Peer 1: 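Okay, here's the structure, questions in a sec.
Since we're looking at a predicted model, the values are computed, not measured.
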Amino acid sequence: MMEKNLIYQDIIEARELIRDHIIKTPLLRVKALDKILNTKVYLKCENLQITNSFKLRGALNALLHLSDEQKSCGIVASSSGNHAQGIAYAAKKLNIDAKIVMPVNSNIEKLNRVKSQNVPVILYGKNSSQRDEEALRLVNEENRVFIHPFKNFYVKAGQGTMALEILEDLEPDNIFVPIGGGGMISGVSTAIKTVNKNIKVYGVEPKNAARYSKSLKEGRPIVLDSNDTIADGTRTDSADKTNFEIIKSNVDKILNASEESILKAIGLIAKEAKLIAEPSAVLGISAVLDNNIKLNRNEKSVFILSAGNIDYNILKKAMEN
């Protein structure tokens, strides 16, 4: 069955459904970063969300939409870490049996947080496509419902709810959104462009995992040969067809961030904003540091800090940088 198109009303409905289960994260004005990034800087702090990641929004929306029969079958999710935490937390809260497939090279901080929810974790492969294959095996053998981290319709609608919060607090000129599988930018861009088409939406990927940048150049969703990046939350090897079409319609430009600038941005956020953000979360700031875009110092720019579940060895390295 063909997936229905994501529209603004779906995101409004998701907001009402998950409102009592999440926190409205702060949109912080950080003047200390204005001169460095040449814009009026606002940080949407999803690193302060429950589970310290935006992924909880989509996980809750997806699970709250399950029928009683689906809930009784249990669920399975594949994830590099933050979706896994969101699913584990939401499943426990809603009393749904869950299993999680994570990569063998998982961020240890994320892995430990998932295990702390007493949810079974299966370590399998390194690429997202390998994790999906293992999850589908559990669907076939155990009749579980697969909650995909960025292809699931309700996950995308849930991620878009952060855009509603941003628009309640500010009318920005620019929004910078990290891109992994594309679920967050699909939801956020749909909400933003419905409300105000003049707000520029920038997606940001690591140079080493630029699946959608390359897909746009090719004119079709592609599969990466490699995705070796410090930003573990973006180690998705393939572009999703539906998200590709949404990005093509709603996103003004996709920028890339170097590994060096990602590390620098982590340290910058810690020192100047006193916030802990993981590599995937600082991609927008990283792209500006790389001079991939010139901003107007009089414009208001929102950078989504998508998560804060960092490997502390990386944080230590960033602080020393």
Side-chain angles (χ1 to χ4, degrees), residues 14 17-18 20-23 46-159 180-181 183-184 232-236 278 280-281 306-312:
L17 193 60
I18 69 174
D20 294 336
H21 300 285
I22 64 167
I23 60 171
E46 286 297 293
N47 57 325
L48 302 180
Q49 184 58 262
I50 302 168
T51 75
N52 302 108
S53 167
F54 78 99
K55 289 284 192 177
L56 180 62
R57 296 172 182 269
L60 279 165
N61 194 45
L63 267 57
L64 286 166
H65 272 93
L66 293 177
S67 66
D68 289 341
E69 182 181 354
Q70 288 174 317
K71 290 175 184 176
S72 69
C73 290
I75 61 170
V76 60
S78 62
S79 170
S80 62
N82 285 325
H83 179 64
Q85 289 182 75
I87 288 290
Y89 176 91
K92 187 174 181 180
K93 186 178 182 67
L94 301 174
N95 197 30
I96 300 171
D97 184 68
K99 286 186 178 179
I100 312 287
V101 182
M102 295 180 67
V104 295
N105 59 340
S106 292
N107 172 319
I108 192 65
E109 178 70 15
K110 294 177 181 178
L111 179 59
N112 288 338
R113 283 174 173 259
V114 175
K115 287 182 175 180
S116 73
Q117 297 288 341
N118 295 318
V119 172
V121 176
I122 300 165
L123 298 178
Y124 191 88
K126 291 185 178 180
N127 293 326
S128 58
S129 56
Q130 293 172 317
R131 296 194 295 276
D132 290 353
E133 288 173 6
E134 178 63 9
L136 288 171
R137 182 186 69 79
L138 293 169
V139 170
N140 292 327
E141 292 184 4
E142 301 180 9
N143 200 33
R144 291 178 179 271
V145 179
F146 187 15
I147 310 297
H148 198 279
F150 57 84
K151 294 182 181 181
N152 183 286
F153 175 85
Y154 295 111
V155 166
K156 285 183 272 193
Q159 318 304 31
M184 173 166 55
D232 61 283
T234 67
R235 289 181 193 152
T236 301
E278 66 182 72
S280 306
S306 53
N309 297 306
I310 193 169
D311 181 323
Y312 288 107

Peer 1: If you measure from OH on Y89 to CD1 on I50, what distance do you get to the nearest 0.5 Å?
Peer 2: 4.0 Å

Peer 1: Can you confirm whether S128 sits close enough to R235 that some side-chain heavy atom of one is under 4.5 Å from a side-chain heavy atom of the other?
Peer 2: no

Peer 1: Examine distances only and state if a side-chain atom of S79 and a backbone atom of A84 form a donor-acceptor pair shorter than 3.5 Å.
Peer 2: yes

Peer 1: I need the full list of ring-ring contact (aromatic ring centres under 6.0 Å, His included) pairs touching residues 102-138, with sequence neighbours left out, sorted by first then second residue.
Peer 2: none

Peer 1: Check P103 against S80 and note the closest heavy-atom contact, atom names and distance.
Peer 2: CD-CA, 3.8 Å

Peer 1: Is any side-chain heavy atom of I22 closer than 4.5 Å to one of L60?
Peer 2: yes

Peer 1: Just checking N95: does its CG atom have more than 12 heavy atoms from other residues, nucleotides or ligands closer to it than 6.0 angstrom?
Peer 2: no

Peer 1: Using the ring-ring contact (aromatic ring centres under 6.0 Å, His included) criterion, which residues pair with H65? Sequence neighbours excluded.
Peer 2: Y154

Peer 1: If you measure from CD1 on I147 to CD1 on I100, what distance do you get to the nearest 0.5 Å?
Peer 2: 10.0 Å

Peer 1: Please list, chain by chain and in numerical order, all residues satisfying ring-ring contact (aromatic ring centres under 6.0 Å, His included) with F150, sequence neighbours excluded.
Peer 2: H148

Peer 1: With sequence neighbours left out, what residues match E142 under side chain to side chain donor-acceptor pair (under 3.5 Å)?
Peer 2: K99, R144

Peer 1: Could you tell me which non-hydrogen atom of Q159 sits nearest to which non-hydrogen atom of M184, and how far apart they are?
Peer 2: CB-CA, 3.8 Å

Peer 1: Backbone N or O of I108 within a donor-acceptor pair of the N112 side chain at under 3.5 Å?
Peer 2: yes

Peer 1: How long is the straight-line distance from CD1 of I122 back to OG of S78, given to the nearest 0.5 Å?
Peer 2: 11.0 Å

Peer 1: In Å, rounded to the nearest 0.5 Å, how long is the span from CG of N82 to OG of S306?
Peer 2: 7.5 Å

Peer 1: Does any pair with a residue in residues 67-88 pass ring-ring contact (aromatic ring centres under 6.0 Å, His included), and if so which ones, sequence neighbours excluded?
Peer 2: none

Peer 1: Locate the shortest heavy-atom distance separating G180 from T236; write the atom from each residue and the value.
Peer 2: C-OG1, 4.0 Å

Peer 1: Apply salt bridge (charged side-chain N to carboxylate O under 4.0 Å, His left out) to E69 and list each qualifying residue two or more places apart in sequence or on a separate chain.
Peer 2: none

Peer 1: How long is the straight-line distance from CG of L63 back to CG of N152, given to the nearest 0.5 Å?
Peer 2: 9.0 Å

Peer 1: Per the salt bridge (charged side-chain N to carboxylate O under 4.0 Å, His left out) rule, what does the pair list look like for residues 110-123, sequence neighbours excluded?
Peer 2: E109-R113, K110-D232, K110-E278

Peer 1: Write down the atom of A281, the atom of A307, and the distance for their closest heavy-atom approach.
Peer 2: CB-O, 3.2 Å

Peer 1: Side-chain contact, heavy-atom cut-off 4.5 Å: V114 with I87?
Peer 2: no

Peer 1: So, taking the atom named CG in N61 and the one named CG in L56, what distance separates them when rounded to the nearest 0.5 Å?
Peer 2: 11.0 Å

Peer 1: Do you know the tightest heavy-atom contact between G233 and S280?
Peer 2: N-OG, 3.0 Å

Peer 1: Using modelled atom types and a 3.5 Å cut-off, is there a donor and acceptor pairing between side-chain atoms of N127 and backbone atoms of Q130?
Peer 2: no

Peer 1: What pairs with Q49 under side chain to side chain donor-acceptor pair (under 3.5 Å), at least two apart in sequence or on another chain?
Peer 2: none

Peer 1: For residues 119-135, pull every pair meeting salt bridge (charged side-chain N to carboxylate O under 4.0 Å, His left out), keeping only residues two or more places apart or in separate chains.
Peer 2: E134-R137

Peer 1: Does any pair with a residue in residues 53-62 pass salt bridge (charged side-chain N to carboxylate O under 4.0 Å, His left out), and if so which ones, sequence neighbours excluded?
Peer 2: E46-R57, R57-E165

Peer 1: Classify the side-chain pair N309/N107 by whether it contains a donor and acceptor separated by less than 3.5 Å.
Peer 2: no

Peer 1: Does the side chain of N47 reach to within under 4.5 Å of the side chain of N52, using non-hydrogen atoms?
Peer 2: no

Peer 1: Taking only residues two or more places apart in sequence, or in another chain, which ones meet S72 in a side chain to side chain donor-acceptor pair (under 3.5 Å)?
Peer 2: none

Peer 1: Return the minimal non-hydrogen interatomic distance between V155 and P149, and the atom names on each side.
Peer 2: CG1-O, 3.3 Å

Peer 1: Just jot down the side chain to side chain donor-acceptor pair (under 3.5 Å) partners of T234, sequence neighbours excluded, or say none.
Peer 2: none

Peer 1: Kindly determine whether V119 and D97 satisfy side-chain contact (heavy atoms from CB on, under 4.5 Å), including the steps that lead there.
Peer 2: CA-CA 8 Å; V119 172; D97 184 68; over 6 Å; no

Peer 1: Measuring only between side-chain heavy atoms, which start at C-beta, is V145 closer than 4.5 Å to V139?
Peer 2: no

